Number of protein chains: 2
Amino acid sequence: MTTVRGARARARIEITAAIKDEARTQLAAEGAAKLSLRAVARELGMVSSALYRYFPSRDDLLTALIVDAYDSVGAAAEQAAAAAEQERPLDRWTAVCRAVRAWAVAHPHEYALIYGSPVPGYTAPQDTIVPASRVGLVLIDIARRAHTGEGVALPPLPDDLRPEAVRISADIAPDLPPALAVALVAAWSQLFGLVSFEVFGQFHRVVEDRDTFFATAARRLGQDVGLLPRG
Amino acid sequence: MTTVRGARARARIEITAAIKDEARTQLAAEGAAKLSLRAVARELGMVSSALYRYFPSRDDLLTALIVDAYDSVGAAAEQAAAAAEQERPLDRWTAVCRAVRAWAVAHPHEYALIYGSPVPGYTAPQDTIVPASRVGLVLIDIARRAHTGEGVALPPLPDDLRPEAVRISADIAPDLPPALAVALVAAWSQLFGLVSFEVFGQFHRVVEDRDTFFATAARRLGQDVGLLPRG
DNA sequence: TCACAAGCAAGAGCGGTGCTCTCGTTTCAT
DNA sequence: ATGAAACGAGAGCACCGCTCTTGCTTGTGA
């Protein structure tokens, strides 16, 4: 069995969670740059060296927070998709986009952790790869159901992009046409361009009514992947 | 006259430049997080406290680097636009996009400084606002010349977005129709979504032939702001 | 059951950081 | 020429990530 063996193991789980919680609090308050292991330990009433029993280094703590953040935004996207189950593909698409944006606005520092400049080294740890794909999978699924349902309308693929489009399609969604796969990847990154500019303040004194602006932009993004505007 | 008054003022300019150069070197080598004032001073053969005569704090040094980076990518965009002077608007658009991407790939850490997570506090210093708009101005100018020339083709503006579109248009380009202004802002942010995902590694094991992928995506972005594909 | 290994908290300490303050010295303007 | 401003050097403060050692506690296998 994989049940908790005893008080020791249970305590370890609880303390690990408490460390991550406190770290998230400091992250939200001051940002990733000022997140300090010593301050976390201090706040938890333990000495800093004790914290290294749970996370081998500061970067490992950050990696754990990154994984959690990916899972959190991924769950938000999945939940939005499920809630819009009965709606038309384009409406489900925008619902998911808005959920991602809402999560980002609510957790700006966690968003910065996963979609801002890579903070630790330069290569993402292996643990983060799967959680990082959850939002993308939701978007792919919406497109897939539109494709097998009422169909999608896409412009033709340029000749020089066809080999790469075939490769991308094989990698992320072998059942979808290459033109759709490549449009999805582009829309995926452009969605986070919209969100990043809002969260990182590039829209300051440019866009005011960001809700409405984003809703329209997200809808056009959905049309760019071929989702049809109306019956 | 504003000429240099003496050896002292000349030395100050040179030392300030040397500090920024060395800081940029360390930035390119290790990233913004590991940029250390002491290390910069050490490398320049001066003591760390002397460096504070030139930059009041580490954040001020970073701000100076941010301004320079904005100017650098802005100059690259303007240069690309000038080089494509005679081409059709859509081709000039993609030329500018490719120049921005090329700059970002060549200077990933400087790119991260300006389009990644805000590193110092949360509000951008006043000095950065004007340089930050240079790329945007280039894109606006391309659209303006297309608009007053062969025209642009844009989908209708949703009713609920019209007030905000009018506001944006008045802010950034009063001579352009609101629908065009709002499309420009969206495309602007989406362009940096594409670039950020590539520079920050989100395309790892997803997109391989990034040159071709980006070229097509940038071209479609140009069409999204109404630039016409062919005569 | 009990000894032993593993897990754990605590403390001291190392090298590094941003930043401040003081103290002579050099440069410039009056 | 003299006084003010700018400057470089050094010491020092508080904090950081991280390591090592020292005892104590917990769980386990003989």
Side-chain angles (χ1 to χ4, degrees), chain A residues 1-20 22-27 29-66 113 118-121 125, chain B residues 1-20 22-27 29-66 113 118-121 125:
Chain A
M1 292 291 284
T2 55
T3 56
V4 175
R5 278 210 232 279
R8 187 130 244 178
R10 178 179 305 267
R12 182 169 183 77
I13 291 174
E14 282 174 9
I15 293 179
T16 302
I19 292 173
K20 288 203 291 186
E22 177 58 32
R24 248 187 299 267
T25 301
Q26 300 200 6
L27 184 68
E30 296 275 9
K34 307 211 170 174
L35 200 173
S36 143
L37 280 190
R38 292 181 108 113
V40 169
R42 207 180 302 132
E43 208 67 23
L44 261 51
M46 57 171 91
V47 85
S48 70
S49 60
L51 208 147
Y52 285 82
R53 300 269 174 198
Y54 301 89
F55 295 94
S57 77
R58 182 180 184 273
D59 278 5
D60 288 272
L61 212 201
L62 276 180
T63 301
L65 296 183
I66 287 173
L113 212 53
V119 184
Chain B
M1 291 290 286
T2 56
T3 56
V4 176
R5 279 211 230 280
R8 185 128 247 177
R10 178 180 304 270
R12 187 172 228 298
I13 291 174
E14 283 175 7
I15 294 179
T16 303
I19 293 173
K20 287 202 293 186
E22 177 59 33
R24 248 186 299 268
T25 301
Q26 299 198 9
L27 184 68
E30 297 274 8
K34 307 210 170 175
L35 200 172
S36 144
L37 280 189
R38 292 181 107 111
V40 169
R42 206 179 302 131
E43 207 68 24
L44 261 49
M46 57 172 92
V47 85
S48 71
S49 60
L51 208 146
Y52 285 81
R53 301 275 177 195
Y54 301 89
F55 294 94
S57 77
R58 182 180 185 272
D59 278 5
D60 288 272
L61 213 202
L62 277 179
T63 300
L65 296 183
I66 287 173
L113 212 52
V119 184

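Both backbone and side-chain heavy atoms feed into the values below; hydrogens, waters and symmetry mates do not. A note on names: the letters A, B, ... follow the listed sequences, proteins ahead of strands, and every chain is numbered from 1. Owing to the predicted nature of the structure, the values given are computational and were not obtained by experimental measurement.
- Applying a 4.0 Å cut-off to non-hydrogen atoms, the residues of residues 36-45 of chain B that approach DNA chain D are B/Arg38, listed by residue number.
- We find that CG of B/Leu61 is positioned 10 Å from P of C/dG18, with the value rounded to whole Å.
- B/Arg58 places its CZ atom 13 Å from the C1' atom of C/dG16, with the value rounded to the nearest Å.
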Show me, pair by pair, the donor-acceptor contacts under 3.5 angstrom made by side chains of residues 35-47 of chain B, not counting sequence neighbours?
from: B/Ser36; atom 1: OG; to: B/Arg38; atom 2: N; distance (Å): 3.2
from: B/Ser36; atom 1: OG; to: B/Ala39; atom 2: N; distance (Å): 2.9

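- Under 3.5 Å, the side chain of B/Arg53 and the base of D/dG8 form at least one donor-acceptor pair of N or O atoms.
- Qualifying side-chain hydrogen bond (donor to acceptor under 3.5 Å, both in side chains) partners for A/Ser57, counting only residues two or more places apart in sequence or in other chains: A/Asp60.
- When rounded to the nearest whole Å, the span between NZ of B/Lys34 and P of D/dG17 equals 13 Å.
- In this structure, the nucleotide among D/dT25, D/dC18, C/dA10 sitting nearest to the side chain of A/Tyr52 is D/dC18.
- Taking atom CZ of B/Arg10 as the reference point, atom C1' of D/dA6 lies 18 Å away to the nearest angstrom.
- Atom pair B/Asp59:CG and C/dT17:P shows a separation of 16 Å (rounding to whole Å applied).
- B/Leu61 has its side chain out of reach of B/Tyr54: every pair of non-hydrogen atoms, C-beta onward, lies at least 4.5 Å apart.
- When rounded to the nearest whole Å, the span between CG of B/Leu51 and C1' of C/dT17 equals 14 Å.
- In this entry the distance linking CD1 of B/Ile15 with C1' of C/dT26 reads 13 Å, nearest Å.
- Here A/Phe55 lies out of heavy-atom contact (under 4.0 Å) with every strand.
- One atom, CD1 of A/Ile13, and another, C1' of C/dG7, lie 15 Å apart when rounded to the nearest Å.
- In terms of position along DNA chain C, the nucleotide closest to A/Ser48 lies nearer the 5' end than the nucleotide closest to the other residue of the pair A/Ser48 and B/Ser57.
- In this structure, CD1 in A/Ile19 is found 4.0 Å from CG in A/Leu51, a value given to the nearest 0.5 Å.
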